[in-house]
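First comes the structure, then the notes that go with it.
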Amino acid sequence: MAVSTVGRPATAADPLVPPRRAVVFDLDGVIVDSFAVMSEAFALAYAEVVGDGPAPFEEYRRHLGRYFPDIMRIMGLPLEMEEPFVRESYRLADRVTVFDGVVELLLTLRVRGLRLAVATGKSGPRARSLLDRLGLLPFFAHVIGSDEVARPKPAPDMVLRALELLDVPAEEAVMVGDAPTDLASARGAGVASAAALWAPPHDVDELLAAGPDMVLRRPADLLALCASLPAR
């Protein structure tokens with residue numbers, strides 16, 4: 001069951017919750033499990049550009065949701081790592097998997113009439129390529145990458161752009177993410193945020209400390225917030 005951060009069950013029938021007409025999803029850690037591929041691509045890029053020594057992937061992972069060049073600046077790593085990282089990510093893309101329950105969630109949301117979008121730290125072309133490879137691209141009306149807005153997460157630009165394209169007001173949408181940057185982007189756009197906890201182990205305490213409006217422990221928990229919409 002989806003629960004609010006104050007512990008009260010949050011459901012689509014809650015009179016305090018406006019009906020949801022759209023869901024904006026982060027990609028990595030929410031729809032797809034790409035962490036093993038990401039780790040290998042990062043290590044190969046680090047070795048190619050920086051040299052010997054352990055690649056600081058755990059530090060990189062703490063910044064996920066941001067655009068790759070922004071993470072490199074934060075970490076003090078060469079921006080030249082982007083080219084081999086993207087190259088290896090494409091090469092290894094066949095190893096990326098979809099989290100259990102996500103396809104069923106997307107199917108149900110579509111049947112219920114909700115409009116769906118992706119707002120990801122990846123570039124738009126790379127995100128659309130991955131979703132297409134996995135057969136998920138048709139579920140989403142729009143896929144927005146960090147290179148397609150003026151300010152990527154944690155700024156609200158990506159979520160605001162999704163709302164504009166979906167033609168849905170902020171109070172009728174929810175953003176599902178697994179990183180504090182996702183929650184900050186949703187908050188800045190005036191959109192309810194849902195923390196996804198089904199990714200491989202990460203800093204749950206840090207994510208919850210970022211103040212999500214609701215916590216989802218499995219993909220199906222989102223359905224309690226998204227009732228079927230009347231035909232239009």
Side-chain angles (χ1 to χ4, degrees), residues 2-12 14 16-32 61-67 70-71 99 102 105-106 109 114-122 124 127 139-199 202-219 221-227:
V3 296
S4 72
T5 54
V6 296
R8 180 175 58 82
T11 70
D14 191 330
L16 300 179
V17 177
R20 309 295 181 192
R21 292 202 293 120
V23 181
V24 181
F25 291 91
D26 180 43
L27 181 56
D28 299 291
V30 175
I31 296 172
V32 300
R61 185 171 173 174
R62 288 199 294 272
H63 300 294
L64 284 181
R66 298 177 184 268
Y67 194 28
D70 292 339
I71 300 177
F99 283 112
V102 165
L105 170 65
L106 297 176
L109 291 173
L114 280 84
R115 304 202 70 206
L116 311 179
V118 167
T120 174
K122 281 181 164 60
F139 284 109
F140 301 101
H142 303 283
V143 176
I144 305 159
S146 286
D147 59 328
E148 296 170 332
V149 292
R151 300 176 302 162
K153 301 173 191 175
D157 298 35
M158 300 184 74
V159 180
L160 290 171
R161 178 59 175 157
L163 296 176
E164 177 186 9
L165 292 170
L166 294 170
D167 191 25
V168 172
E171 63 271 17
E172 295 182 5
V174 59
M175 167 77 181
V176 182
D178 72 319
T181 50
D182 299 319
L183 308 186
S185 185
R187 186 178 305 112
V191 170
S193 61
L197 301 186
W198 53 82
H202 59 335
D203 195 337
V204 172
D205 291 340
E206 182 182 6
L207 182 60
L208 297 182
D213 295 301
M214 57 209 75
V215 176
L216 310 175
R217 302 193 179 278
R218 58 193 182 98
D221 289 346
L222 183 62
L223 296 175
L225 306 168
C226 302

Between [X] and [Y], what is the shortest heavy-atom contact and its length?
X    : Y    : result
A127 : L27  : CB-CD2, 3.9 Å
D178 : D28  : OD1-O, 3.2 Å
A192 : A186 : O-CB, 4.4 Å
I31  : F25  : CD1-CB, 3.7 Å
A173 : R20  : O-NH1, 3.4 Å
G145 : M158 : C-CE, 3.6 Å

Practice task
For side chain to side chain contact (heavy atoms under 4.5 Å, CB included), just list the numbers for I144 and T120, CA-CA rounded to whole Å, side-chain angles, deciding distance to a tenth of an Å, and then say yes or no.
Solution key: CA-CA 6 Å; I144 305 159; T120 174; over 6 Å; no
Could you tell me which residues satisfy side chain to side chain contact (heavy atoms under 4.5 Å, CB included) with [X], sequence neighbours excluded, listed by chain and number?
X    : answer
A209 : none
R187 : L183, A184
A195 : L207, P212

Side chain [X], main chain [Y], donor-acceptor under 3.5 Å:
X    : Y    : answer
S146 : R66  : no
D221 : R217 : yes
W198 : P219 : no

Any non-hydrogen side-chain atom of [X] less than 4.5 Å from a side-chain atom of [Y]?
X    : Y    : value
L225 : M214 : yes
V24  : V118 : no
L223 : L109 : yes

Distance, nearest 0.5 Å, that separates [atom1] of [X] from [atom2] of [Y]:
X    : Y    : atom1 : atom2 : result
L163 : R21  : CG    : CZ    : 10.5 Å
T181 : D70  : OG1   : CG    : 11.0 Å
F139 : L116 : CZ    : CG    : 8.5 Å

Exercise for the section: List for me each residue that meets side chain to side chain donor-acceptor pair (under 3.5 Å) alongside S193, sequence neighbours excluded, and say none if there are none. Expected result: D213
Problem - Contacts of type side chain to side chain donor-acceptor pair (under 3.5 Å), residue R161, not counting sequence neighbours - result: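 Partners of R161 by the side chain to side chain donor-acceptor pair (under 3.5 Å) criterion, ordered by chain and then number, come out as E164.
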Practice task
Just do the side chain to side chain contact (heavy atoms under 4.5 Å, CB included) check on F140 and L106 with the steps written out, would you?
Solution key: CA-CA 9 Å; F140 301 101; L106 297 176; 3.9 Å; yes
Practice task
Output every pair passing side chain to side chain donor-acceptor pair (under 3.5 Å) with a member in residues 147-157, not counting sequence neighbours, ordered by first then second residue.
Solution key: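 Output for this query lists D26-K153, R128-E148, R151-D157, K153-D182.
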